[in-house]
Every structure is written in structure tokens, then in C-alpha cells.
Number of protein chains: 2
Amino acid sequence: MELSDKKTAEMFKAVCDENRIKILKLLQGGEKCACILLDDLHITQPTLSHHMKILCDSEIVVGRKEGKWMYYSISPEGADRAISVFRALTDVHGQGDCCCKE
Amino acid sequence: MELSDKKTAEMFKAVCDENRIKILKLLQGGEKCACILLDDLHITQPTLSHHMKILCDSEIVVGRKEGKWMYYSISPEGADRAISVFRALTDVHGQGDCCCKE
DNA sequence: ATATTATATTCACGATTTTCTATTTGTCAA
DNA sequence: TTGACAAATAGAAAATCGTGAATATAATAT
């Protein structure tokens, strides 16, 4: 589970934007077509496409093409991976320095 | 554990930047003085101050003033809160639509 | 083949973020 | 009180990000 700092930052960009958070909330109801997401968000189609790319790059969301349509859903594995990475980044395994200069 | 989308985005901004990720990794060794963090990062003092503000705003890091010095450490409670928020955002509790239009 | 529909890409622009220099504030020691 | 040091703030430059209009690509239907 070793990720570069750059990749880690990329992963959490998924949850750094209000619209992407809204998209995740919509996807919690299960897999949804892009066109349905579009109806529920006040953004244009290219903007949605842009956000879906960031979400898919983070691997927290996965896309599936079916004919003309793109279906998106939350990947429980991707979400678990993100949590693992977050834990690995915030677990404290030391006691620090007792003072600034000794 | 209900957070506005804006607040949620703010919280995860903490882990959306390479320098802040480096800072968290340093703090995993325990509480550290700002001046020590500064030695390990190739940024200026005001830039560090800026990043520490964002980290503290997310409540994943807490600061403590002692005389002239600021000591920072990871807040296990803050980190747990972030994980809870992330889970609440990515748990799937529906099965989606079977198709785009019915 | 042509038209239509769904999504992705390109480009440009404005807003936000990161970063720095300069300055200010706060704390301690002579 | 003055000087030295740590950290925060102000202001500005540069980079990144979010957005939409225009266009391209892909799939389906006629």
C-alpha cells in the first residue's frame, strides 16, 4: 500500500470539491448513468465529464460503458483503499521531541 | 456526524497537497516544533504557516503554543472523524437504476 | 450513409491556491 | 527597553483548478 505523495494527493482530490462530494452522495444510491447525474447537478456535461475523470482516477468510482451510456458507481474496494492510505498517513507511531532545541 | 459539503471538502484539503502529506508523515513521528518541520521541508516559513493553518482547520492536526514556539501533532480524534466522514460519503446503500431511461 | 444522441476532449477564462518577499506580532533574554 | 528570534499576516506573482462553449468521438437508429 505504498503510494507516492503525488498519487496520494490525487486520490483525495476526489473529496476536495463540493460537486464531486455531491456526485458521491448520488452514487451512494447505487450505479447511475451520467445523464442522470447531470440532471441532478447544475453543471454542464463537459464539467461532469471532468469531475468523473477525477473520481475514476482516484479509483473511488468506477465507470462502465454500455452502448452510448456510461454508468458510474462507487467502488467499495477503492473506498477501502483510500481509508487504508489515510490511516497509513495519520497513524502516530512516535512520541515526538520533548522540546524544540536541546 | 453531519457536515456540509463545503466543510467536507475543506477537511480533505488537508491531504490534497504534497507538502501537507509530507508534513503529516513527519508528524507521525510525534509532536514537532514548526522550526523542525521547516528544516525538513524545502519551503519558506510563511508557506509552512499557511499549510499548518489548513491542516489545523481540518482538525486532523492540532497546534499548541509554548513560549515562542508552536508545536504541532496529529489528532487521532480528528483523523478518526475524517475517516467517519469519508465512510459516510462512500458507503453504498442502494442498488442504482437498472438502466438509463425506462 | 446520414442523423441523432451520449460522452469525451480542447480551449480559454476566471477563481482559487501555492508560493514568495516584506512586514508585523508575540515572546524571551540582556 | 532594546535586541533577537519564532510565527503570523499582508500583498503580489505564478501555478493550478473549475467551468462552459465549441468541437470531436463513439454508438445507435433510420
In whole angstroms, how far is the [atom2] atom of [N] from the [atom1] atom of [X]?
X	N	atom1	atom2	value
A:L37	C:dA6	CG	P	14 Å
A:K22	D:dG18	NZ	P	14 Å
B:M70	D:dT9	CE	C1'	15 Å
A:L48	D:dG18	CG	C1'	13 Å
B:L41	D:dA7	CG	P	13 Å
A:L55	C:dT7	CG	C1'	16 Å
B:K53	D:dA8	NZ	P	10 Å
B:Y71	D:dA8	OH	P	13 Å

Pairwise side-chain contact, [X] with [Y], heavy-atom cut-off 4.5 Å (strictly under):
X	Y	value
B:L55	B:M52	yes
A:L48	A:I23	yes
A:T47	A:L41	no

| query | What string of B, S and - do you get for nucleotides 17-30 of chain C 5' to 3' if you count protein non-hydrogen atoms under 4.0 Å? | reply | SSBBBB---BBS--
| Just wondering, more than 12 heavy atoms not from A:H42 lying within 6.0 Å of its NE2? | no
| field | Check: A:E31 side chain, A:Y72 main-chain N or O, donor-acceptor pair, under 3.5 Å | value | no
| message | Give me each pair satisfying side chain to side chain donor-acceptor pair (under 3.5 Å) with a member in residues 12-21 of chain B, each pair once, sequence neighbours excluded. | response | B:R20-B:H51
